[in-house]
Amino acid sequence: MSNNSTDLKKIISHCKEYGYVFPSSEIYDGLSACYDYGPFGVELKNNIKDYWWRSMVRLRLDVVGLDSSIFMHPDIWKASGHVDAFNDPLIDNKDSKKRYRADQIVENYIDKIVAKVDKEIKKAEKRFGDNFNKNQFIKTSDRVQQNLKKINETKELLNKYLADEDFRSLKKLIEDIGVVCPVSGTSNWTDIRKFNLMFSTKIGSVADQASQLYLRPETAQGIFVNFLSVQKTARMKIPFGIAQIGKSFRNEIIARQFIFRMREFEQMEMQFFVKPGQEMSWFDYWKAERKKWHNTIGFNDDVLKFHDHENLAHYANAATDIEFKFPFGFKELEGIHSRTDFDLRSHERHTNKKLQYFDSEINDHYTPYVVETSIGLDRMFLAVLCNSYKEEPIKDGIRTVLNLPPILAPFKIAILPLVKKDNLPDKSKEIYNKLKSNFSCYYEEKDSIGKRYRRQDALGTPFCVTIDHETLDNDTVTLRYRDSMDQVRISIDELIITINNKLTI
RNA sequence: GCGAGUGUAGCUCAGGGGUAGAGCACGACCUUGCCAAGGUCGGGGUCGAGGGUUCAAAUCCCUUCACUCGCUCCA
């Protein structure tokens with residue numbers, strides 16, 4: 001385990017040192033769980049996006065793209081269930097792992113005492129018969145008085161703590177009154193947390209007329225609410241999908257593990273609309289399809305794992321995660337969910353508008369079912385880095401190399417004059433200008449050639465091209481491969497073909 | 001949120017009341033010329049912030065901020 005956490009630490013500092021990822025707001029002491037992508041990080045990130053978009057949209061006839069806005073009508077989040085599910089003070093029982101609303105378990109307790117008092121009164125009524133004076137009994141019975149006092153005190157405290165959002169006292173109240181979990185029977189409670197999952201903000205220039213908006217916690221809803229427009233304008237027939245890449249925001253209580261769990265993150269999502277009843281076969285199809293995608297990027301089966309969900313979210317009837325073996329264990333990288341028709345129907349209910357598809361094959365309307373694939377871009381970025389970062393023992397030390405798939409590497413080629421004199425820099429720049437429109441290239445003339453090779457290894461550049469005195473005579477260069485460190489002599493024209501071949505999907 | 005830990009140069013760290021240090025990195029020049037290793041010179045820090053004790057605080061005390069690591073959910 002210590003090894004694994006040092007692995008992550010090494011990757012984090014490598015990211016910082018080589019311009020991949022910086023802690024956000026660092027000169028102001030940083031901001032927890034926010035990170036910035038540096039000059040090379042942004043290239044890698046864009047390459048991952050591009051690779052995903054190409055596989056999911058451009059190379060398919062049955063998926064089209066969308067870029068919906070981050071701000072959306074606030075009612076969308078009521079329809080999706082995000083408002084209700086994440087706005088209450090919650091408490092977990094550590095033994096049963098059950099989660100309750102903290103206010104509700106106190107109210108249940110009050111109800112129980114109220115029931116006790118009622119029972120007491122009924123008992124007395126029976127005993128005294130017609131002579132029973134209810135008010136007098138309530139006033140004189142010690143037990144009833146005690147319980148009434150308890151009820152009033154508890155209610156008062158509950159309301160006070162809720163109003164003040166004083167969850168520490170509320171937890172103490174729960175412990176004091178001795179509420180136990182009905183499942184585990186213990187009072188081993190966690191602290192109370194209020195899950196404001198969504199970040200809210202205001203729209204409108206005048207504060208008191210402003211209306212509340214949320215930053216979207218997932219991109220999916222933007223796809224659902226555009227479902228009909230996309231289907232009609234792109235003239236799509238079911239089954240078809242809508243893909244989107246974009247930022248999402250979740251006010252996680254605990255956001256950690258570098259860029260694995262951030263409050264601001266980017267998703268690459270695709271919602272695939274199918275005929276009801278066919279969702280399971282499409283679910284299986286996308287499971288296989290997405291795994292293949294990960295394999296093509298160099299993730300072998302020993303670092304990938306499917307994890308089927310047993311407890312399903314409110315919208316799903318089947319769900320699986322593709323997990324990647326991060327230094328801190330197998331963790332979710334991508335989710336594949338069969339979301340049923342929950343979202344579309346819910347939007348239909350909230351808007352009174354039909355979100356249905358007319359299927360000319362069966363001559364009938366229906367609300368499609370949805371199979372979702374949703375991958376965290378930042379997680380994918382981290383997975384790619386974890387899969388690429390190597391410290392290779394070589395003679396006289398170790399070589400740090402990022403074994404990035406060439407198609408994802410920030411720079412494909414480093415162009416290096418062997419020495420910084422004898423016109424080699426000029427010749428190198430000439431070659432740089434020739435190659436730069438085909439490949440993203442890096443030019444570097446400082447330090448010894450060996451040192452520059454190693455720097456490019458650490459940066460993940462798959463090919464180095466070295467310009468020497470012979471180049472001036474016959475336009476041949478040394479092509480040096482990052483992974484094998486092999487070198488070949490090659491003409492500049494051949495070079496373009498060779499490298500192009502390595503970059504085809 | 002709770003518990004523990006850490007804040008000194010770009011990085012890794014030393015210094016524990018008396019003029020702010022090392023290695024690496026960085027910049028310039030020279031040298032070498034296909035796998036990080038030569039030389040010379042140089043830039044860079046109110047020691048996380050605020051307060052207190054003291055003639056004197058990076059150092060001792062208090063407060064605070066930030067980050068890291070554990071404990072649950074999610075992409």
Side-chain angles (χ1 to χ4, degrees), chain A residues 1-2 5 8-9 12-14 16-19 22-34 85-86 90-94 97 99 167-168 171 190-195 197 217-220 247-263 265-269 309 311 313 319 321-324 328 331-337 372-380 382-383 394-401 416-422 424 446-458 464 466-469 477-480 482 485-487 489:
Chain A
M1 195 59 203
S2 64
S5 68
L8 183 64
K9 265 186 195 149
I12 294 170
S13 34
H14 193 84
K16 197 176 160 189
E17 186 178 354
Y18 285 91
F22 308 130
S24 163
S25 316
E26 204 185 3
I27 62 169
Y28 285 90
D29 281 334
L31 182 62
S32 177
C34 293
F86 297 99
L90 300 174
I91 191 166
D92 296 6
N93 184 273
K94 288 179 184 168
K97 308 285 182 203
R99 175 166 294 164
F167 295 138
R168 196 179 290 187
K171 183 188 178 186
T190 64
D191 289 331
I192 296 169
R193 300 182 279 211
K194 189 167 176 181
F195 284 86
L197 172 90
E218 63 175 17
T219 50
K247 288 263 173 112
S248 293
F249 304 85
R250 289 187 195 176
N251 198 2
E252 300 284 347
I253 297 299
I254 301 163
R256 287 265 178 81
Q257 246 121 12
F258 194 39
I259 55 173
F260 182 80
R261 183 178 290 103
M262 296 193 287
R263 300 203 163 98
F265 61 103
E266 199 153 3
Q267 292 180 301
M268 304 190 287
E269 283 199 325
H309 283 218
N311 300 325
D321 296 338
I322 297 178
E323 296 188 336
F324 176 83
F328 39 87
K331 296 281 175 182
E332 177 174 7
L333 175 61
E334 171 156 8
I336 298 160
H337 295 215
E372 163 190 273
T373 74
S374 174
I375 175 167
L377 172 55
D378 311 276
R379 287 182 179 186
M380 187 64 198
L382 183 58
I394 54 165
K395 57 174 185 350
D396 299 341
I398 52 164
R399 178 174 84 122
T400 302
V401 52
L416 314 169
L418 183 60
V419 291
K420 199 172 121 186
K421 59 183 182 190
D422 304 336
L424 295 187
K446 264 189 67 72
D447 294 316
S448 75
I449 189 65
K451 203 166 188 171
R452 280 178 279 163
Y453 283 153
R454 295 301 180 77
R455 193 151 51 220
Q456 294 303 322
D457 289 341
C464 288
T466 304
I467 286 81
D468 58 17
H469 296 86
V477 294
T478 305
L479 171 60
R480 181 258 192 193
R482 176 194 63 199
M485 296 194 278
D486 289 344
Q487 301 186 163
R489 193 83 199 174

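The basis for the numbers below is simple: all heavy atoms, side chains too, and nothing from hydrogens, waters or symmetry mates.
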Legend entry - Partner set under ring-ring contact (aromatic ring centres under 6.0 Å, His included) for Phe265(A), not counting sequence neighbours: none

Can you pull every protein N or O that's under 3.5 Å from an N or O on nucleotides 38-41 of chain B?
none

Legend entry - C1'-based separation of U72(B) from C35(B) [nearest Å]: 48 Å

Legend entry - For Lys247(A), all residues meeting side chain to side chain donor-acceptor pair (under 3.5 Å), sequence neighbours excluded: Glu264(A)

Inset, instruction - List in chain and number order the residues that pass side chain to side chain donor-acceptor pair (under 3.5 Å) with Glu323(A), two or more places apart in sequence or in another chain; answer none if no residue qualifies. - result: none

Inset, instruction - Sequence neighbours left out, what passes side-chain contact (heavy atoms from CB on, under 4.5 Å) with Ser24(A)? Give chain and number order. - result: Leu31(A), Cys34(A), Asp36(A)

Inset, instruction - When you get a sec, tell me which of A75(B), C34(B), A28(B) is the closest nucleotide to the side chain of Lys446(A)? - result: A28(B)

Legend entry - Separation of the C1' atoms in U19(B) and G15(B), to the nearest angstrom: 15 Å

Inset, instruction - Report yes if some heavy atom in the side chain of Arg379(A) is under 4.5 Å from a heavy atom in the side chain of Lys331(A); otherwise report no. - result: no

Legend entry - With Arg480(A) via side chain to side chain donor-acceptor pair (under 3.5 Å) - residues at least two apart: Asp457(A)

Legend entry - P spacing across the pair G52(B) / A58(B), given as an integer number of angstrom: 14 Å

Legend entry - Phosphate-side-chain proximity, Arg455(A) and C26(B), N/O vs OP1/OP2 below 4.0 Å: yes

Taking only nitrogen or oxygen atoms into account, show me every contact under 3.5 Å that the protein makes with nucleotides 31-33 of chain B, one pair per line with its distance.
residue	atom	partner	partner atom	Å
G33(B)	N2	Leu418(A)	O	3.4

Inset, instruction - For nucleotides U46(B) and G42(B), find the distance between their C1' atoms and express it as a whole number of Å. - result: 23 Å

Inset, instruction - List in chain and number order the residues that pass ring-ring contact (aromatic ring centres under 6.0 Å, His included) with Tyr453(A), two or more places apart in sequence or in another chain; answer none if no residue qualifies. - result: none

Legend entry - For RNA chain B, the dot-bracket pattern of Watson-Crick and G-U pairs whose distances stay under 3.5 Å, | for other-strand partners: ((((((((.[[[[.)..(..]]]].(((((.......))))).....[[[[[..)....]]]]])))))))....

Legend entry - G17(B) and A57(B), which share atom name C1', separated by this distance in whole Å: 6 Å

Legend entry - Shortest side-chain distance from Glu332(A), nucleotide among C35(B), C34(B), A75(B): A75(B)

Inset, instruction - Tell me whether G16(B) sits syn or anti, counting syn as a glycosidic angle within 90° of 0. - result: syn

Inset, instruction - Kindly compute the distance separating CG (Asp321(A)) from NE2 (His337(A)), expressed to the nearest 0.5 Å. - result: 5.5 Å

Inset, instruction - Name all residues meeting the side-chain contact (heavy atoms from CB on, under 4.5 Å) criterion together with Thr400(A); count only those two or more places apart in sequence or in a different chain, and write none if there are none. - result: His14(A), Tyr389(A), Glu391(A)

Legend entry - Same-atom distance (C1') from A14(B) to U8(B), integer angstrom: 10 Å

Inset, instruction - List in chain and number order the residues that pass side chain to side chain donor-acceptor pair (under 3.5 Å) with Glu266(A), two or more places apart in sequence or in another chain; answer none if no residue qualifies. - result: Lys45(A), Lys49(A)

Inset, instruction - Identify the two heavy atoms, one from Gln267(A) and one from Ser248(A), that lie closest to each other, and give their separation to 0.1 Å. - result: OE1-OG, 2.9 Å

Legend entry - Any donor-acceptor N/O pair under 3.5 Å between C35(B) base and Asp457(A) side chain: no

Nucleotides 7-14 of chain B: which of its N/O atoms have a protein N/O under 3.5 Å away?
residue	atom	partner	partner atom	Å
C11(B)	OP1	Lys16(A)	NZ	3.0

Inset, instruction - Using the closest heavy atom to pick a nucleotide of RNA chain B for each, name whichever of Tyr18(A) or Asp321(A) lands nearer the 5' end. - result: Tyr18(A)

